[in-house]
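What you see below is based on every heavy atom in this structure, not just the backbone, and it leaves out hydrogens, waters and symmetry mates. Convention: sequence-line order gives letters A, B, ...; per-chain numbering from 1.
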Protein chains: 4
Amino acid sequence: MKVEQERSIARRQRIVDAALEVFSRRGYRDAAMDEIASEAETSKGGLYFHFPNKQAIFLALLDRTARLLRERAEEAITAHDGPLARLDAALLVVIRTFAGHRSLARLFLIEAFGAGREFNRRMAEIHAEFAELITRHLDEAVAQGAIQPLDTKLAGKAWFGALNEVVTAWVLDDEPGRLEDSYPALRVLLLRSVGVLEQEGPRTGV
Amino acid sequence: MKVEQERSIARRQRIVDAALEVFSRRGYRDAAMDEIASEAETSKGGLYFHFPNKQAIFLALLDRTARLLRERAEEAITAHDGPLARLDAALLVVIRTFAGHRSLARLFLIEAFGAGREFNRRMAEIHAEFAELITRHLDEAVAQGAIQPLDTKLAGKAWFGALNEVVTAWVLDDEPGRLEDSYPALRVLLLRSVGVLEQEGPRTGV
Amino acid sequence: MKVEQERSIARRQRIVDAALEVFSRRGYRDAAMDEIASEAETSKGGLYFHFPNKQAIFLALLDRTARLLRERAEEAITAHDGPLARLDAALLVVIRTFAGHRSLARLFLIEAFGAGREFNRRMAEIHAEFAELITRHLDEAVAQGAIQPLDTKLAGKAWFGALNEVVTAWVLDDEPGRLEDSYPALRVLLLRSVGVLEQEGPRTGV
Amino acid sequence: MKVEQERSIARRQRIVDAALEVFSRRGYRDAAMDEIASEAETSKGGLYFHFPNKQAIFLALLDRTARLLRERAEEAITAHDGPLARLDAALLVVIRTFAGHRSLARLFLIEAFGAGREFNRRMAEIHAEFAELITRHLDEAVAQGAIQPLDTKLAGKAWFGALNEVVTAWVLDDEPGRLEDSYPALRVLLLRSVGVLEQEGPRTGV
DNA sequence: GATGAATGAGCATTCATTCAT
DNA sequence: AATGAATGAATGCTCATTCAT
């Protein structure tokens with residue numbers, strides 16, 4: 001039993017991995033189940049044993065990615081003190097994660113929209129989640145008097161959008177530089193936008 | 001001849017109008033040439049007389065939209081003095097244009113990606129153009145001493161991204177409020193991000 | 001215009017003809033659209049231009065067949081006088097029609113059921129129509145005093161069923177004799193069942 | 001061993017029961033092995049342990065049903081004297097059996113055809129068997145002088161067909177009445193068709 | 001210029017059957 | 001005996017594109 005369950009989970013994993021590969025190579029619509037199957041070293045039927053349809057695979061991939069980002073961000077957050085430092089660390093971690101997984105970034109920021117009306121709601125939710133995370137910390141910063149009161153909801157969206165665009169441009173760049181290198185300047189802009197003029201960057205490694 | 005040319009141009013117009021309608025109703029992939037044809041009150045063959053293929057229609061639509069935005073932005077720009085005021089006016093005009101054409105916004109910000117790998121390059125260019133417009137004015141503001149030197153290229157992307165996200169969230173909102181209402185706060189954020197603390201909004205009408 | 005319409009109608013005809021061929025060769029479910037297409041010397045897309053789906057082709061075929069039978073039956077009916085003679089002529093015509101088109105009989109009596117729940121209602125209607133035709137004439141025979149009063153609704157079903165089974169057995173027979181040869185005896189049985197002991201057969205040719 | 005054999009037989013029973021349920025719910029083609037398995041509270045593998053394939057399950061069900069009908073009919077037959085009384089009793093028992101098992105009737109009279117070319121032969125046999133049972137008794141009635149000589153083979157088919165159609169119409173009726181109520185009138189028709197004008201109905205219970 | 005009929009490659013999905021455990 | 005994971009052939013349907021009229 002145990003063994004079989006583990007194998008089944010592993011197979012799902014492999015399918016989702018393959019899906020990432022194929023979706024980011026072809027885009028959602030042009031990705032054929034056949035190709036995902038062979039990339040996952042299984043058969044088309046195998047795919048349908050583990051997932052009800054193509055959409056479900058994409059959704060699983062989306063959720064896995066969102067979870068990964070969220071977990072890393074939260075980890076970074078708990079490792080720091082003070083709302084702005086935490087936010088700072090979280091954004092850096094997001095940048096770094098995408099920097100290390102360009103195809104994942106492409107999937108998350110580009111393919112996910114346009115994959116069909118059905119995904120728009122889910123993507124809106126994911127965007128909203130991240131924007132809210134930012135909003136929450138800005139609210140706390142306001143509460144602690146670290147920054148002046150402001151429309152934190154809007155700021156959450158704006159920060160997320162700024163980050164988003166920087167990463168998107170990097171994804172679509174034919175000869176991309178190092179994504180992480182954009183962060184320091186972006187950080188200054190974002191902090192200034194809420195009225196923080198100086199603050200040291202996070203001391204997280206590398 | 002003259003008359004026929006005009007008629008032909010009018011027909012193209014009607015097709016592109018129909019395309020906007022259908023693409024934003026269904027998304028690029030799910031929009032059928034049949035539906036565009038009937039929306040344009042012509043036949044499938046008629047479409048292919050005026051455009052070589054589906055992609056070309058979409059591209060024409062994209063370019064028409066980009067041109068519209070650019071023209072309006074430039075108009076606003078020439079109506080103002082000083083790089084920051086001009087930028088301010090341009091962004092406001094973009095916001096207002098999208099506010100008045102939600103389906104166009106959806107098309108431009110959501111469908112355009114995911115319409116297929118072939119469009120990504122074009123979209124990247126369009127994004128870049130707008131980011132560069134911002135960068136240009138920020139550069140000028142730096143040159144005039146209105147703001148402190150900064151990474152204006154990055155700031156261009158960030159500003160555009162912030163704007164983008166605010167509009168996107170509005171497009172995907174089931175019960176959207178008035179998009180224009182977000183602008184004043186966004187404006188403050190953006191200006192602050194480049195170190196400008198106070199500045200009156202543009203006096204553009206309504 | 002005229003020419004094109006005619007051609008279009010001819011094509012539909014050809015498709016329905018091909019469908020009869022293929023459905024009665026393979027049965028409804030095992031008939032592939034591909035095979036119907038090639039039998040009709042057109043392409044799969046062509047099929048779908050003229051019919052919305054497989055079911056619609058089958059239904060068109062069913063209706064065409066039912067219409068053919070009805071028309072021939074009515075023709076025979078108007079050529080005779082007296083309800084029993086008319087009925088007699090109608091049944092004979094049905095028998096003869098099936099005798100001349102074994103695959104059509106197979107389709108109509110065997111494939112049509114079992115082609116899927118969706119067809120059952122239609123088939124029930126068709127059966128009912130024929131049974132009612134019989135019932136109507138029996139009613140008239142009663143009204144004219146040619147036969148004693150009886151449950152004509154039930155008799156309609158029973159007569160139709162008897163006919164049906166005789167034809168079905170012939171269709172499924174590996175070495176079938178001449179279907180028409182069964183008619184005289186069947187005729188005697190049916191007439192006797194409503195109390196008519198003697199009556200000459202119809203004088204319709206061959 | 002004994003116990004295990006019994007268990008195995010019971011399992012087969014359960015599978016065939018489940019098959020009846022599912023086949024008459026969905027029709028042969030649309031019935032999935034998965035659904036039969038879960039209805040039988042076993043697994044797909046379990047099905048294939050007891051039967052070589054889907055067809056075999058259907059055949060087993062068909063044969064079980066035919067056997068049931070035959071046994072009940074024979075029972076009724078031996079309980080009566082005289083060929084016509086026996087026939088009468090047999091038909092009544094068939095009617096009553098179907099009346100009590102509508103899904104079984106649907107399966108036997110409707111799904112069984114159209115389940116695929118492979119079943120046609122078997123169904124033809126089953127029909128023939130019942131027709132022959134009728135023929136046999138009519139032959140005996142002729143031999144005993146109870147009825148005048150006639151084409152008893154044809155009459156067998158016709159009787160069976162009449163019965164068949166009455167039951168089929170009832171199966172396909174959305175708001176069916178009591179099937180048994182049709183029998184007395186049908187009986188009169190059938191008997192008259194072979195020249196018997198009066199005869200009391202069978203005295204079989206209820 | 002315009003039309004509508006035709007094409008055919010492409011694809012998601014289903015499902016009976018197999019088989020290692 | 002039983003399970004459930006895996007297989008892969010089969011198929012209805014879509015749709016951009018072509019082209020004779």
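Between the P atoms of dG1(E) and dT21(F), the separation comes to 22 Å (whole Å).
Put simply, CZ on F49(D) is 5 Å from C1' on dA1(F), counting in whole angstrom units. A straight line from CZ of R26(A) to C1' of dC11(E) spans 14 Å, rounded to a whole angstrom. Rounded to a whole Å, the CE atom of M33(D) is 10 Å from the P atom of dT18(E). Distance CG (D30(B)) to C1' (dA16(F)): 14 Å, rounded to an integer number of Å. Counting to the nearest Å, the P atom of dC15(E) and the OH atom of Y48(D) are 12 Å from each other. Counting to the nearest Å, the P atom of dA5(E) and the CZ atom of F51(C) are 13 Å from each other. In this entry the distance linking CG of L47(A) with P of dC15(E) reads 17 Å, nearest Å. Here the P atom of nucleotide dC11(E) and the CD atom of Q55(A) are 18 Å apart, to the nearest Å.
Classification of R117(C) and E111(D) as a salt-bridged pair holds, one side-chain N sitting under 4.0 Å from a carboxylate O.
With the nearest nucleotide of DNA chain E identified for both E41(B) and E41(C), E41(B) has the one nearer the 5' end. Of the two residues near DNA chain E, S43(C) and Y28(A), the one whose nearest nucleotide lies more 5' is S43(C). Each of T42(D) and R29(B) was assigned the nucleotide of DNA chain F with the nearest heavy atom; the assignment lying further toward the 5' end belongs to T42(D). Each of A32(C) and D34(B) has a nearest nucleotide on DNA chain F; the 5'-most of these lies closest to A32(C).
Not one N or O on the side chain of S38(B) forms a donor-acceptor pair closer than 3.5 Å with the backbone of E41(B).
Across all strands shown, A31(C) has heavy atoms under 4.0 Å from sugar-phosphate atoms exclusively, and none from any base. Backbone-only contact: N53(A) has heavy atoms under 4.0 Å from sugar-phosphate atoms and none from a base.
Between the side chains of R64(C) and Q13(C), at least one donor-acceptor pair of N or O atoms lies under 3.5 Å.
Considering all non-hydrogen atoms of both residues, R106(A) and S24(A) come closest at CD-O, 3.4 Å. Contact between A60(A) and F51(A) at its shortest, heavy atoms only, is CB-CE2, 3.8 Å.
Side-chain contact between Q55(A) and F119(A): present, with at least one pair of heavy atoms (C-beta onward) separated by less than 4.5 Å. The side-chain heavy atoms of Y28(C) and K54(C), taken from C-beta on, include a pair separated by under 4.5 Å. In this structure, the side chains of R11(D) and F49(D) stay at 4.5 Å or more apart for every pair of heavy atoms.
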Item to check | Secondary structure string for DNA chain F (Watson-Crick or G-U under 3.5 angstrom, | for other-strand pairs) | outcome: .||||||||||||||||||||
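Comparing atom distances between the K54(C) side chain and each of dG12(F), dT17(F), dA12(E) picks out dG12(F) as nearest.
Between S8(C) and dG4(E) there is no side-chain polar atom (N or O) within less than 4.0 angstrom of OP1 or OP2. A close approach under 4.0 Å does occur between a side-chain nitrogen or oxygen of R11(A) and OP1 or OP2 of dA6(F). Distances shorter than 4.0 Å separate none of the side-chain N or O atoms of H50(B) from OP1 or OP2 on dG1(E).
For a distance-only test at 3.5 Å, the side chain of K44(D) qualifies as a donor-acceptor partner of the base of dT17(E).
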